Amino acid sequence: MPEQSRTGVKICGLTEEVGFDACVEHGADWIGFVFFERSPRFVTPELAACLARRERGQAKTVGLFVHPQDDDIAKVLDHAPLDVLQIYASDERAQQISEVFGLPVWLSYPVAGREELPPTCPVQRMLIEPRPPKDATRPGGNAQKLDWSLLAGWQPSFPWMLAGGLTVDNVGEAVRVTGAPAVDVSSGVESAQGIKDPSLIARFVRHARSN
Ligand SMILES: O=C(O)c1ccccc1NCC(=O)[C@H](O)[C@H](O)COP(=O)(O)O
């Protein structure tokens with residue numbers, strides 16, 4: 001977990017060793033694996049397990065699931081020991097998943113307006129990101145930026161994370177404008193969809209914590 005005053009950083013959608021090692025080397029707090037088959041970042045449980053074994057003790061692993069059945073999660077956990085489950089589902093389903101698997105759950109919470117910001121947190125953390133475009137093939141990982149002004153002055157009593165369209169060039173401003181205690185990125189640190197760029201990862205982590 002990041003120190004209290006230090007912005008937490010999650011790098012999501014790891015698929016290969018070079019990118020994974022860069023996350024570890026440059027101090028990412030969380031490394032995400034996408035178990036959504038239509039994503040260019042999809043990994044099998046076996047590949048996730050193979051990559052996770054390269055972790056050297058600091059970063060936590062996050063498994064990302066979209067409206068999963070219990071079996072979908074169980075099959076992954078049979079191979080890959082995950083520290084956190086990031087879920088796209090209802091509040092109630094996210095709570096149920098946390099109870100079934102006894103793991104911390106983060107609920108991905110797409111918003112389009114300030115009135116949609118969550119008043120409560122049914123799980124361990126809310127991941128606030130933009131509602132995907134109507135033609136999107138996936139609910140996240142679309143390099144789509146949220147209007148950060150929606151979050152100005154929002155100070156929930158629960159842990160949250162900002163995601164969506166973050167890059168090495170805008171993450172510092174995003175943290176300053178929103179006060180986000182943690183940030184999440186996928187597209188913004190890639191040289192191609194699903195391929196992470198180690199230098200972008202290094203710069204993103206540095207800029208996220210430069211405030
Ligand atoms: O990353 C994906 O391909 C993905 C696929 C399906 C559901 C969620 C997905 N990503 C979720 C994340 O947590 C992303 O890191 C987040 O949406 C930010 O993505 P980006 O705007 O590309 O930085």
Side-chain angles (χ1 to χ4, degrees), residues 7-16 19-20 22-23 28-44 47-48 51 59-69 72-73 76 82-90 93-94 97 104-112 123-148 150-151 159-175 178 180-197 200-201 203-205 207-208:
T7 303
V9 176
K10 172 185 169 241
I11 309 290
C12 193
L14 273 298
T15 62
E16 33 73 42
F20 187 92
C23 293
D29 299 287
W30 300 282
I31 301 173
F33 297 120
V34 174
F35 299 107
F36 179 73
E37 292 194 9
R38 295 202 300 277
S39 166
R41 303 160 184 122
F42 171 74
V43 290
T44 62
L47 175 53
L51 290 171
K60 302 292 184 191
T61 54
V62 181
L64 188 150
F65 300 87
V66 179
H67 300 294
Q69 300 299 315
D72 300 325
I73 298 173
V76 172
L82 300 171
D83 296 304
V84 177
L85 303 176
Q86 179 180 331
I87 303 294
Y88 286 76
S90 68
R93 177 61 179 141
I97 287 170
V105 165
W106 297 353
L107 180 59
S108 289
Y109 205 89
V111 298
V123 288
Q124 281 70 33
R125 185 183 293 267
M126 302 298 273
L127 194 141
I128 307 298
E129 60 181 330
R131 188 170 300 140
K134 291 203 184 323
D135 60 351
T137 59
R138 51 185 184 264
N142 296 301
Q144 180 192 354
K145 192 165 80 68
L146 181 65
D147 173 2
W148 301 328
L150 300 181
L151 296 164
W160 67 284
M161 180 178 282
L162 176 66
L166 296 178
T167 67
V168 299
D169 295 321
N170 70 22
V171 66
E173 181 192 359
V175 171
T178 67
V183 292
D184 168 40
V185 66
S186 190
S187 307
V189 292
E190 290 182 336
S191 55
Q193 279 209 343
I195 306 298
K196 297 310 193 228
D197 178 319
L200 289 177
I201 288 172
R203 288 166 60 202
F204 184 87
V205 173
H207 292 183

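Everything numeric here is computed off the predicted structure, so don't read it as measured data. The figures that follow rest on heavy atoms only: side chains count, while hydrogens, waters and symmetry mates do not. Just so you know, residue 1 is the first one in the sequence shown, and it goes up from there. Both counts, for ligands and for their atoms, begin at 1 and track the order of listing.
With respect to atom 6 (C) of ligand 1, the closest heavy atom belonging to the protein is Phe36 CD2, 3.6 Å. Scanning the protein heavy atoms around atom 1 (O) of ligand 1, the nearest turns out to be Arg41 NH1, 3.1 Å. What sits closest to atom 4 (C) of ligand 1 on the protein, heavy atoms only, is Gly140 O, 3.4 Å. Among all protein heavy atoms, the one lying closest to atom 3 (O) of ligand 1 is Ser39 OG, 2.7 Å. Of the protein's heavy atoms, Gly141 CA, 3.2 Å lies nearest to atom 19 (O) of ligand 1. Nearest to atom 12 (C) of ligand 1 among the protein's heavy atoms is Asp184 OD2, 3.6 Å. Counting protein heavy atoms only, atom 21 (O) of ligand 1 is closest to Gly165 N, 2.8 Å.
Classified by interplanar angle (parallel below 30°, tilted 30° to 60°, perpendicular above 60°), the ring pair Phe35/Phe65 is parallel.
Of all atoms in ligand 1, listed by their number and element, those nearer than 4.0 Å to a heavy atom of Leu64 are 7 (C), 8 (C), 9 (C), 10 (N), 11 (C), 12 (C), 13 (O).
Looking only at distances, a side-chain donor or acceptor of Asn170 sits under 3.5 Å from a matching main-chain atom of Gly165. At distances below 3.5 Å, at least one donor-acceptor pair connects side-chain atoms of Thr61 with backbone N or O atoms of Asp83.
When heavy-atom distances to ligand 1 are checked against a 4.0 Å cut-off, Ser186 comes that close through both its backbone and its side chain. Looking at Arg38 against ligand 1, nothing comes within 4.0 Å, counting heavy atoms.
Applying side chain to side chain contact (heavy atoms under 4.5 Å, CB included) to Phe204 and the options Asp197, Asp169, Ile11, Thr167 leaves one that passes, Ile11.
Taking 4.0 Å as the cut-off, Gly164 counts as a neighbour of ligand 1 on heavy-atom distance. Heavy atoms of Phe42 stay at 4.0 angstrom or farther from ligand 1.
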